[in-house]
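In what follows, a single structure is set out as structure tokens and then discussed.
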There are 2 protein chains.
Amino acid sequence: MALDKVDYVTEEAPRQATIFDVARLAGVSHQTVSRVVNDLPNVRSSTRVRVEEAIKKLRYVPSPAARALVTRRSRTIGLIATGGPEFGPSSTVLYFNAAARDARWSVFTANMTDSDPGSIRGAVEAFLRQNVEGIAVISGHEGSVDVVAGMELTIPLVALEATPHVGLATVGADQYNGARNAVRHLIALGHRGIAHLAGPADSVDARERERGWRDELGANDLSARVIGVGDWSPSSGHRFGEACDLTGLTAIFAANDQMSIGLIHALNERGLTVPADMSIIGFDDIPEAAYVTPPLTTVRQDFETIGRDMLSTLLARIEGDRSTELPQSLPELIERASTGPARSVA
Amino acid sequence: MALDKVDYVTEEAPRQATIFDVARLAGVSHQTVSRVVNDLPNVRSSTRVRVEEAIKKLRYVPSPAARALVTRRSRTIGLIATGGPEFGPSSTVLYFNAAARDARWSVFTANMTDSDPGSIRGAVEAFLRQNVEGIAVISGHEGSVDVVAGMELTIPLVALEATPHVGLATVGADQYNGARNAVRHLIALGHRGIAHLAGPADSVDARERERGWRDELGANDLSARVIGVGDWSPSSGHRFGEACDLTGLTAIFAANDQMSIGLIHALNERGLTVPADMSIIGFDDIPEAAYVTPPLTTVRQDFETIGRDMLSTLLARIEGDRSTELPQSLPELIERASTGPARSVA
DNA sequence: AAGCAAACTGTGAGCGCTAACAACTTTTCA
DNA sequence: TGAAAAGTTGTTAGCGCTCACAGTTTGCTT
């Protein structure tokens, strides 16, 4: 015997113990084992101990597949992440996953660089087949969230910074007031001509930051000018920095740090000095921000908190708690050397 | 009736169709449906069509849980990622996931910021319970891979840049020759005093880069000096840049771009100009590299290729192909302004 | 001490699927 | 033409678990 199994080097692992193996060893029924495993009441503590010992001895671990088959629960959630490896979203994904691990939930991640509705729908369908109990969407692309929200799922859905939908919980930092703080800081420094380098139009974050900038200017009777709509990348910041009209401007609020870096580089190439000729303020506080030249004044978002909040919000919804407060933190202004007193405008 | 179900707003979704529903509608046995679904031979084409129509009409989708329960296969893989949101690893994770999606595999991601053996073992065990068919490890920490490799799994294991183990496939770029190219570039520019700012000691990548640097210097009869062992972060680069002894040096090869950025910043603070006083070369080519001041000469790694190679290697192993060539690409030197001709040494 | 409730424990069915094999058709070829 | 071979379909038995309920023991009351 076993002659037909010689193709594999390692010896056959002993079959995983089942609930019946445990039951036999402990001298109880499988149902009692199930009670112990699931921590249900009405088990005599002496039998509980006996079962627990058997479990330990056999290294028994319940089969998620069998459990999922009968309960239709899986203790699993699906995470949809679109876009490239930008710092913000990928940090949020990372901390979301870490938080899930801490809570002993499994997460299926569907990463896609594009975000066309078909792919997203496909990902959601795959998740549903896997019996995920909730779905999270971390996407710069607003459209992605709309697609998922439009599918009218019966399981909870949480998204990062999206416009409200029915059945959708939104978590994120207060981009609007973060942006207002940034602009307020510039105004306090004496700036009056404060332009904006915007993020992509389909991003709620980008729109909120722009709105905050616009409103703060409006509140101070200052006029608003957008010098470009970038894609978050340093190269897009650079591109608009090369081309834009700077007359009347002494400061620019860029929608994120990466674009700020590209922008500053372009300004330098044009012979301008930051902050002497132009103050620049970014958003996010990426790790590099403190070490570029000049160190970047920015608005810090705590991606770890955001990721963890997304998870806890989702779990709360899964548990049926639809009333949970949606967490929203206020990003913090980090003052560094890329902003300074306004020079008199040419 | 239905009076006890009014607590939920949306109407009860009609129960997912099972294989029996399809069988009944098509007028065949469930086994025939199974054959059609799994694309097995020996089904008359007319019945196949009939079954396919029933499937479409009922929007039938096989239950992965039931299937996994009986086949012990899951078309699912587990991904362990340790460390923080650095650009390299998180890009690799992203592209690995994207590739898995393209191949219609699901992936469980376990992200952990720490990488203690207990957590990793726990993650692997959770994966095994979920019947993953393979495990990938993306970790700067060499120890992480060792832990997983030491568990003597019966399923394939692939890791990013690790020292070889039995049963372990390793994928990654050729760090060693990438580093040699970087140093060769500096030597060609006339540099003779070329120090290294190393990455963390427990990282295979870091060690390979250091080894490449050292060997290339040795091949040219130049002496090697390490000015610090950082943790990949800009702040660690800055810290060593502030403190280190620069005598006899005209160039520094930093183990990654982020540390380069911190390092350059510190040198500037010390009154030195890059590259006039000191040439700096990094590694990775992060998106910001081209836009910092001065633009960073660096060695580009293609994280997308690496991530996708990891996936295809793992899938090949899962299919039983243990002979596959392990892909290894040569990183490309990107010459920018942070390196220049050597000045004469003080 | 009888009687009943509460606390425990066990039994059987079934979640949705595939594997193994049995049974029935059709084809092939002497 | 008939029997073996090949092709097609159906039947049964689980995979490992939870749920619903039946059965048994224990504790408490009067």
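Below, chain A is the first sequence line, B the second, and so on; all start at residue 1. Nothing here was measured: the structure is a model prediction, and the numbers come from that model.
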Atom [atom1] of [X] to atom [atom2] of [N]: distance rounded to whole Å?
{"X": "Leu40(A)", "N": "dT18(D)", "atom1": "CG", "atom2": "P", "answer": "9 Å"}
{"X": "Arg75(A)", "N": "dT18(D)", "atom1": "CZ", "atom2": "P", "answer": "13 Å"}
{"X": "Arg44(B)", "N": "dT26(C)", "atom1": "CZ", "atom2": "P", "answer": "6 Å"}
{"X": "Asn131(B)", "N": "dG16(D)", "atom1": "CG", "atom2": "C1'", "answer": "11 Å"}
{"X": "Arg50(A)", "N": "dT9(C)", "atom1": "CZ", "atom2": "C1'", "answer": "11 Å"}
{"X": "Asp21(A)", "N": "dC15(D)", "atom1": "CG", "atom2": "C1'", "answer": "13 Å"}
{"X": "Arg48(B)", "N": "dT8(D)", "atom1": "CZ", "atom2": "C1'", "answer": "12 Å"}
{"X": "Arg129(B)", "N": "dC17(D)", "atom1": "CZ", "atom2": "P", "answer": "12 Å"}

Is the side chain of [X] donor-acceptor paired with the backbone N or O of [Y] at a distance under 3.5 Å, no angle test?
{"X": "Ser74(B)", "Y": "Asn131(B)", "answer": "yes"}
{"X": "Glu133(B)", "Y": "Arg75(B)", "answer": "yes"}
{"X": "Arg35(A)", "Y": "Leu40(A)", "answer": "no"}

Determine the interplanar angle of the Phe127(A) and Phe108(A) rings, folded into 0 to 90°, and report it as parallel if under 30°, tilted if 30 to 60°, perpendicular if over 60°.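 The rings of Phe127(A) and Phe108(A) lie parallel, inter-plane angle below 30°.
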
When you check the gap from the basic side-chain N to the acidic O, do Asp39(B) and Arg48(B) get nearer than 4.0 Å? yes

Salt-bridge present (Glu304(A), Arg308(A); N to O < 4.0 Å):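 Between Arg308(A) and Glu304(A) there is a salt bridge, with a charged N closer than 4.0 Å to a carboxylate O.
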
Determine, for nucleotides 13-18 of chain C in 5'-to-3' order, which nucleotides have protein heavy atoms under 4.0 Å from the base (write B), from only the sugar-phosphate (write S), or from neither (write -). --BBBB

Below 4.0 Å: OP1/OP2 of dT8(D) and any side-chain N or O of Thr47(B): no

On the nucleotide dG10(C), are OP1 or OP2 found under 4.0 Å from the side-chain N or O atoms that Thr32(A) carries? yes

